[in-house]
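Notes to accompany the following structure.
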Amino acid sequence: MPQERLPSRADNFSDWYNQLVLKAEMADYGPVRGTMVVRPYGWTLWENITAALDRRFKATGHVNAAFPLLIPMSFLQKEKDHVEGFSPQLAIVTIGGGEELEEPLVVRPTSETIIGHMYAKWIESYRDLPVLINVWNSVVRWELRTKLFLRTTEFYWQEGHTAHATAEEAKAETQQMLEVYADFAENEAAVPVIKGRKSGREKFAGGVDSYSVEAMMGDTRALQAGTSHFLGENFAKAFSIQYLNRENKQQYVSTTSWGLSTRFVGAIIMVHGDDQGLVLPPRLAPFQVVIVPIYKTEQERSAVMEQTERVQQSLAEFRLKLDDREEVTPGFKFNDWEMRGVPLRIEIGPKDVEQGQVTLARRDEKGRIRAPVEGVAQLVSATLDEIQANMLNKAREFMRENTHDPADYAEFKEVVKSGWADVWWCGEEDCEAKIKQETKATNRVIPLEQPGGQGVCIRCGNAATERAIFARAY
RNA sequence: CGGGGUGUGGCGCAGUCGGAAGCGCGCCGCGUUUGGGACGCGGAGGUCGGCGGUUCAAGUCCGCCCACCCCGACCA
């Protein structure tokens, strides 16, 4: 049972987030440092996310498979940058069945290596290509500072791994999946994103180019919501993934990988939530509608429940919860379901029965409306669509309002304290490092959509041909 | 791993000078309630984070350890 109030978002965003996740029963802390238990309400949201993504993966020709959790240490060492990037975060198994193992086994931090190993075995000819496999699993990365959903030692995700005959084809795949993530984020989660390329410092260990969709959280910090990597021939060379082309010549494949994790649940919470609690997008919410019956006497109860049943039947197409608990008051239920972010509440009381109506309360806006019982399904459907659209618009507006175009570096320093900076940037790693040192803001992404032309780098003043987003990030 | 903080019923906390472990919420039972977080009465629930020390006596004083949270470095 939840406690009464949440800390305000403006007052302490981090505290607000932590308490909300616990009180809304999305997740709880596991017994091992940094681990997370995803509770049924949170997992249902994740299941709805996975369903929406999986649909899109299948529609773009991908199939699902499963690969082992344990990976020989030597596999990671085959790609130099990869092992360097991940070694500080590895959990390693050294004992099995009571015996010291000959070779330590890594608990997968990601599956490029073991999948590369298998692809080398499976791919012989250009006729075997492309290989388009996705995996739903969990991975382990030994994180120093954890936060429920956003960064946990073990997290759930999907990782897509594809192999292609040419670099061009692999690059197209990388872009395609970035588009899939952006489409999912905006149309299912109502989370607006910026698509772009990662800077050298931020890209995937062992890859050639990384792309991401970046979202602005309610405190204006940036969150990488999904990534898509072009791996070139790096892993193909490390694992000898070769095929014979039409001319009977051995060629290396080009590979990609792309992932989206339970972190996205955190994004939904932080983008849409308010001081009352969660606000969940109708397309993904575990419950789209909650019905709260209201009555005093036994006569009222039977009349109300009769109408409630009729309404319930007419709303069979929606994910619906009837809150018929006797031990709490309607007022308590209103607050409870608001905290849990249910998009639409239907109240049915004696006055409604009398009028043959129901009372609707939207989670995204204040106020109630009354509507006749007849045709309530169409109204609910239209209202959920409106809520979905309104949530995306509000989040877009927030992102726009908090994205700035500072005139000089002094102004840049100011704006990144509470927003994003969209600026000309020279692209030098050294310059990026200094910006981070001086402002705590990092290069989030170099947007795919560029205005063209050129300018001067916001920090060093050198010629710049691209604009980049700088922000404090999670 | 560096800096700061906190560990006392499920949760949030109080506990003075070392002298009988408390409060609020939640939980269980009964009754009254129910259109914005109801109320009364009666209950259950604790090796005070762990180990060691000082003392007639430790939640309280001392030492070590552990865990968690916040801020940094690292990361999806």
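First the proteins, then the strands, lettered A, B, ... as listed; each starts at 1. Source: prediction; values computed, not measured.
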Of the candidates B:G37, B:G36, B:G35, the side chain of A:Arg368 sits closest to B:G36
- Item | Heavy-atom donor-acceptor pair, A:Thr329 side-chain to B:G36 base, under 3.5 Å | no
* To do: State whether A:Lys147 places a side-chain N or O below 4.0 Å from either non-bridging phosphate oxygen (OP1 or OP2) of B:C70.
  => yes
Under a 3.5 Å limit on both distances, the Watson-Crick or wobble mate of B:C74 is none
As its Watson-Crick or G-U partner within any shown strand, both distances under 3.5 Å, B:C39 has B:G31
Problem - C1'-based separation of B:A14 from B:G46 [nearest Å] - result: 15 Å
For A:Phe264, report the nucleic acid contact type (base, sugar-phosphate, nothing); a contact means any heavy atom under 4.0 Å.
nothing
Margin query: Would you say that A:Leu45 contacts A:Met26 through its side chain, given a criterion of any heavy-atom pair below 4.5 Å between the two side chains?
Written below: yes
Would you measure the distance from the P atom in B:C51 across to the matching atom in B:U60 and give it in whole Å? 12 Å
Taking for A:Gln276 and for A:Phe149 the nucleotide of RNA chain B with the nearest heavy atom, the one nearer the 5' end belongs to A:Gln276
| request: Could you label the plane-to-plane angle of the A:Phe13 and A:Trp16 rings as parallel, tilted or perpendicular, counting under 30° as parallel and over 60° as perpendicular? | output: tilted
Checklist entry - Just checking A:Glu143: base, sugar-phosphate only, or nothing, at a heavy-atom cut-off of under 4.0 Å? => result base
Using a heavy-atom cut-off of 4.0 Å across all strands, would you classify A:Lys333 as base, sugar-phosphate, or nothing? nothing
A:Leu150 near the nucleic acid: base, sugar-phosphate alone, or nothing, with a heavy-atom cut-off under 4.0 Å? base
From OH of A:Tyr29 across to C1' of B:A67 the rounded distance in Å is 13 Å
Next on the checklist: Using a heavy-atom cut-off of 4.0 Å across all strands, would you classify A:Lys436 as base, sugar-phosphate, or nothing?
Outcome noted: sugar-phosphate
Next on the checklist: For A:Glu365, is the CD atom crowded, meaning more than 12 foreign heavy atoms sit under 6.0 Å from it?
Outcome noted: yes
Note to self: Within 45 degrees of the ring normal and closer than 6.0 Å to the centroid, is that where the cationic atom of A:Arg368 sits relative to A:Phe334?
What the structure shows: yes
Next on the checklist: Over all strands shown, is A:Gly349 touching base, sugar-phosphate only, or nothing at heavy-atom distances under 4.0 angstrom?
Outcome noted: base
Side-chain contact check for A:Arg345: nearest option of B:C74, B:G36, B:G35 is B:G36
From the candidates B:C75, B:G36, B:G35, the one with an atom nearest any side-chain atom of A:Glu338 is B:G36
Flag, side chain of A:Tyr17 to backbone of A:Leu148, donor-acceptor distance under 3.5 Å: yes
Per atom distances to the A:Ser14 side chain, the nearest of B:U34, B:G36, B:C70 is B:C70
So ring-ring contact (aromatic ring centres under 6.0 Å, His included) across residues 170-200 of chain A, not counting sequence neighbours, yields A:Phe184-A:Phe264
| message | Testing the 3.5 Å rule here: is there a donor-acceptor pair between the side chains of A:Arg108 and A:Thr110? | response | no
Establish, with yes or no, whether the OP1 or OP2 oxygen of B:G37 is under 4.0 angstrom from a side-chain nitrogen or oxygen of A:Lys23.
no
Integer angstrom distance from the P of B:C69 to that of B:G12: 12 Å
Which of B:C75, B:G36, B:C74 is nearest the side chain of A:Arg151? It is B:C75
Between A:Glu154 and A:Thr146, the residue closer to the 5' end of RNA chain B by nearest nucleotide is A:Thr146
B:G63 -> Watson-Crick or G-U wobble partner, both distances under 3.5 Å, gives B:C51
Euclidean distance for P, B:G26 against B:U16 (whole angstrom): 28 Å
Separation of the P atoms in B:C11 and B:C65, to the nearest angstrom: 26 Å
task: Remember a base hit wins even if backbone is also touched, and classify A:Thr152 as base, sugar-phosphate or nothing at under 4.0 Å, heavy atoms.
output: base
* Asked: Looking only at atom C1', what distance separates B:G50 and B:C68, rounded to whole Å?
  -> 15 Å
When only distance counts, do a donor and an acceptor, one from the side chain of A:Asp352 and one from the base of B:G35, lie under 3.5 Å apart? yes
Phosphate oxygens OP1/OP2 of B:C70: is one of them under 4.0 Å from a side-chain N or O of A:Asn18?
-> yes
*Nearest-angstrom distance, P atom, B:C62 to B:G7*: 15 Å
Mate of B:G10 across any strand shown (Watson-Crick or G-U wobble, both atom pairs under 3.5 Å) is B:C25
With the side chain defined as heavy atoms from C-beta on, A:Lys440 is closest, among B:C74, B:G72, B:G35, to B:G72
ask   = Using the C1' atom in both, what is the distance from B:A44 to B:G9, to the nearest Å?
value = 10 Å
Of the listed B:G36, B:G72, B:G35, the closest approach to the A:Glu347 side chain comes from B:G35
Next on the checklist: I want to check one thing: is the phosphate of B:G72, taken as OP1 and OP2, less than 4.0 Å away from some side-chain N or O of A:Arg472?
Outcome noted: yes
Closest of B:G72, B:G35, B:G37 to the A:Phe332 side chain is B:G37
- Message: Whether the A:Thr35 and A:Glu154 side chains hold a donor-acceptor pair (N or O, under 3.5 Å, no angle test) is what I'd like checked.
- Response: no
